Amino acid sequence: MKRPGSISSPILRTVEAALLLVSAIFLILHAFHLSADFPNHSPWMDWAKYTDEGWYGDGAIRHFQRGHWYVPGDFNPAAALPVWPLLEAALFRFTGVSLTAARGLTVAIFGLILAASYLLLRRWQNLAATPEHTPDQKPAKTLAPAIAVLLLAVSPFCYVFTRMAILEPLLILLTLLALLAASYATPEQGIEPAPLRTRLRHSIPIVSLGLLLPLMVLTKTTAIFLLPAIGWILWARAEYRIRPFLRLALAAGTLAAVTWIAYYALIVRPHFLDDYHYLFSANGYTGITPATALSVLGDTITDGLWIGNILYPLALLAAFSALLLHPRLLRNPLIPALLLWAAGYASFLAYHNNLQPRYYLVLAVPLTLLIPIVFSTLWTNPQPHSEPLSPLRRLATASIVAVLAVLTVTDARQTLHYVRTPDYTFTTAAAEIRQIVTADHTHNPLILSISGSNLSLMTGLPSICDDFGTMDLAVRVRAYHPGWYVAWNQVDDDKMDALAPTYHLQRVAAFPAMDDPERNLLILYRLDPAIPGTPPRRHRKPTIPRLLQTNFGQQPSPIQLEH
């Protein structure tokens, strides 16, 4: 007999299939125009679009382009974060090094994020554990998993950042997989004698979790702020008892610690300790202080609007409802876990005080999943013989459904706009640079640039970084003898001081690219040997014609300069 206030199963299955079909269509749209720019004039000004796709995949890029992944003295983040470059290397073995392949890998990871989100919500749906609920009772099917997948799939914020070959999407996927693994952990293992097959089956989630945890940290070290969320799921699986929880946590934690320590002791410490430490020192230039605490906390919260002007407030409302208005919802272990995920990573953002939009992608997923889990309780009666929904709950349900519909339509419309209007300013500029460099047979093709790794990914030209590295820039320049320098808008004084004793910078061409006012002109310099006794020339920031500043809808033409 159909429960009062519920939707018949055939209708529910039909609606769910429709939602998942739309999600699949938008996932496919993510794979269009993979070499296009990060959308110009978007609400998200993140400098990662100039650098990070190359930096964090450099180990794989250099392995196939140079025959070795490590460049002594340069920026080598793969020493501390090897998981992503290893995945890219496995892909490049079949596709060759290319921006399209790297971004295609990220889109595939986003597809797995959608699948893992769906499975995770299905795993915990309707387990808000009312007193009447029993383990043998089959939970009522809800639309929450399909709604969560749809909200992620149509999100323009997710669209722009899950098409970049950066670390955050992989970290999100590994976190979801770790939550799934923890969801299947059983506290009884090791307590009573059991057949070998049963013990092996019970050990699979713990072994999986023990391997996923170091993979998370070796993907991005900020994963440690996500561990409380995983620990809460284990705590729930142990039925909130200390001794069973310790059995589960110690088994998984020991394997994770042994795996990470083995990597550090056998690979990092004897060979790449300086590069390992440098990654953390290079990122230590920002941080919260007592004097800035209030403003930083305020910015951390308000910048969450990057996730979505409707979605973010709705997620905060869902969190507020679960914590204060309806604490019963916290009986579903997934809700506290998602709250701990969001709170943990928000704590890192405030502590680090480097509020870049891409970091909020790690917050966007748990906050998005929280919305349908919390609000689905408005139209779902967990008791088998509950009364029909009250008029007040009907009104609340209609209001939430209307907001979700508006959110889905507006997000889908913005995402479709990005799909229909791709720009190729950066890749076109990179292709022009490659043509100029390869046509010159008298200078070393090695490029020096903060965006050098991205240029290597797009063009195959070798590069070193002009900003980060364990060796001083002047020493690196003398050691590697780059033949070309690529700067954004101007040559900074510290870069000129490092280059001037060895080289004279001859400006060859400039290309309008991207949209940041401080980085919208890519300038190519040829590095000619300096004449002894000649004072270095300072290069002022160029004035860009208005036409070139705004003409992002067409392929840019290089501004050729006389030698």
Side-chain angles (χ1 to χ4, degrees), residues 7 11-33 36 38-44 107 110-111 113-115 117-118 121 125 141-163 169 172 302-321 338 357 360-361 363-380 393-423:
I7 303 175
I11 296 177
L12 190 144
R13 286 196 296 268
T14 301
V15 173
E16 181 183 52
L19 296 178
L20 294 178
L21 176 61
V22 175
S23 303
I25 292 172
F26 274 84
L27 173 61
I28 293 171
L29 292 179
H30 280 62
F32 288 18
H33 315 298
F38 184 97
N40 289 304
H41 311 298
S42 74
W44 310 287
V107 171
F110 181 60
I113 288 173
L114 298 182
S117 299
Y118 180 84
L121 267 64
Q125 68 176 3
K141 190 175 180 62
T142 75
L143 291 175
I147 293 173
V149 170
L150 178 64
L151 293 178
L152 290 172
V154 302
S155 167
F157 181 76
C158 290
Y159 173 82
V160 298
F161 285 105
T162 58
R163 283 165 44 87
I172 293 168
T302 56
D303 285 348
L305 288 170
W306 278 326
I307 297 172
N309 291 330
I310 301 177
L311 189 147
Y312 182 62
L314 195 61
L316 293 184
L317 178 60
F320 179 77
S321 299
L338 294 175
Y360 282 82
L361 183 65
L363 292 178
V365 171
L367 291 178
T368 302
L369 299 185
L370 197 63
I371 293 171
I373 297 177
V374 170
F375 292 125
S376 65
T377 59
L378 288 174
W379 57 78
T380 301
R393 285 185 66 181
R394 288 180 182 274
L395 177 61
T397 297
S399 301
I400 293 298
V401 170
V403 172
L404 288 175
V406 171
L407 170 61
T408 302
V409 171
T410 54
D411 277 5
R413 181 178 179 182
Q414 185 63 40
T415 298
L416 289 173
H417 169 71
Y418 292 143
V419 173
R420 293 195 306 265
T421 59
D423 294 325

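None of these values were measured; they are calculated from a predicted model. Nothing fancy with the numbering, it's 1 onward along the sequence.
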Are any of the side-chain heavy atoms of L19 and V149 separated by less than 4.5 Å?
no
Could you note down all residue pairs passing side-chain hydrogen bond (donor to acceptor under 3.5 Å, both in side chains) where residues 400-416 supplies at least one of them, sequence neighbours left out?
Q414-Y418
Separation between CZ of R420 and CZ of F32, rounded to the nearest 0.5 Å:
13.0 Å
Verdict with supporting geometry, D423 and F38, side chain to side chain contact (heavy atoms under 4.5 Å, CB included)
CA-CA 8 Å; D423 294 325; F38 184 97; over 6 Å; no
For side chain to side chain contact (heavy atoms under 4.5 Å, CB included), just list the numbers for T397 and F375, CA-CA rounded to whole Å, side-chain angles, deciding distance to a tenth of an Å, and then say yes or no.
CA-CA 8 Å; T397 297; F375 292 125; over 6 Å; no
Could you tell me if the side chain of P313 sits less than 4.5 Å from the side chain of L305, heavy atoms only?
yes
How far does CG of L152 sit from CG of L369, to the nearest 0.5 angstrom?
5.5 Å
Backbone N or O of P372 within a donor-acceptor pair of the S376 side chain at under 3.5 Å?
yes
To the nearest 0.5 Å, atom OG1 of T368 lies from atom CG of L338 at 10.0 Å
Please confirm whether the backbone N or O of W44 pairs with a side-chain atom of W306, one donor and one acceptor, at under 3.5 Å?
no
Here the gap from D303 atom CG to Y312 atom OH, rounded to the nearest 0.5 Å, amounts to 8.5 Å
Reported CG-to-CG distance for the pair L150 and L20, which is rounded to 0.5 angstrom:
8.5 Å
To the nearest 0.5 Å, how far apart are OG1 in T162 and CZ in F157?
10.0 Å
Please report the closest heavy-atom contact between P169 and I113, naming both atoms and the distance.
O-CD1, 3.4 Å
Where is the tightest heavy-atom contact between I371 and A318, given as atom of each residue plus distance?
CA-CB, 4.2 Å
Would you please name every residue forming a ring pair (Phe, Tyr, Trp, His ring centres under 6.0 Å) with F110, sequence neighbours left out?
H30
Nearest heavy-atom neighbours spanning A315 and L370
O-CD2, 4.2 Å
Given side chains that start at C-beta, do those of L407 and V154 come closer than 4.5 Å, heavy atoms only?
no
Look at the side chain of R163 and the backbone N and O of C158, then say whether any donor-acceptor pair between them is shorter than 3.5 Å.
no
Which atom of L121 lies closest to which atom of A144, heavy atoms considered:
CD2-O, 3.7 Å
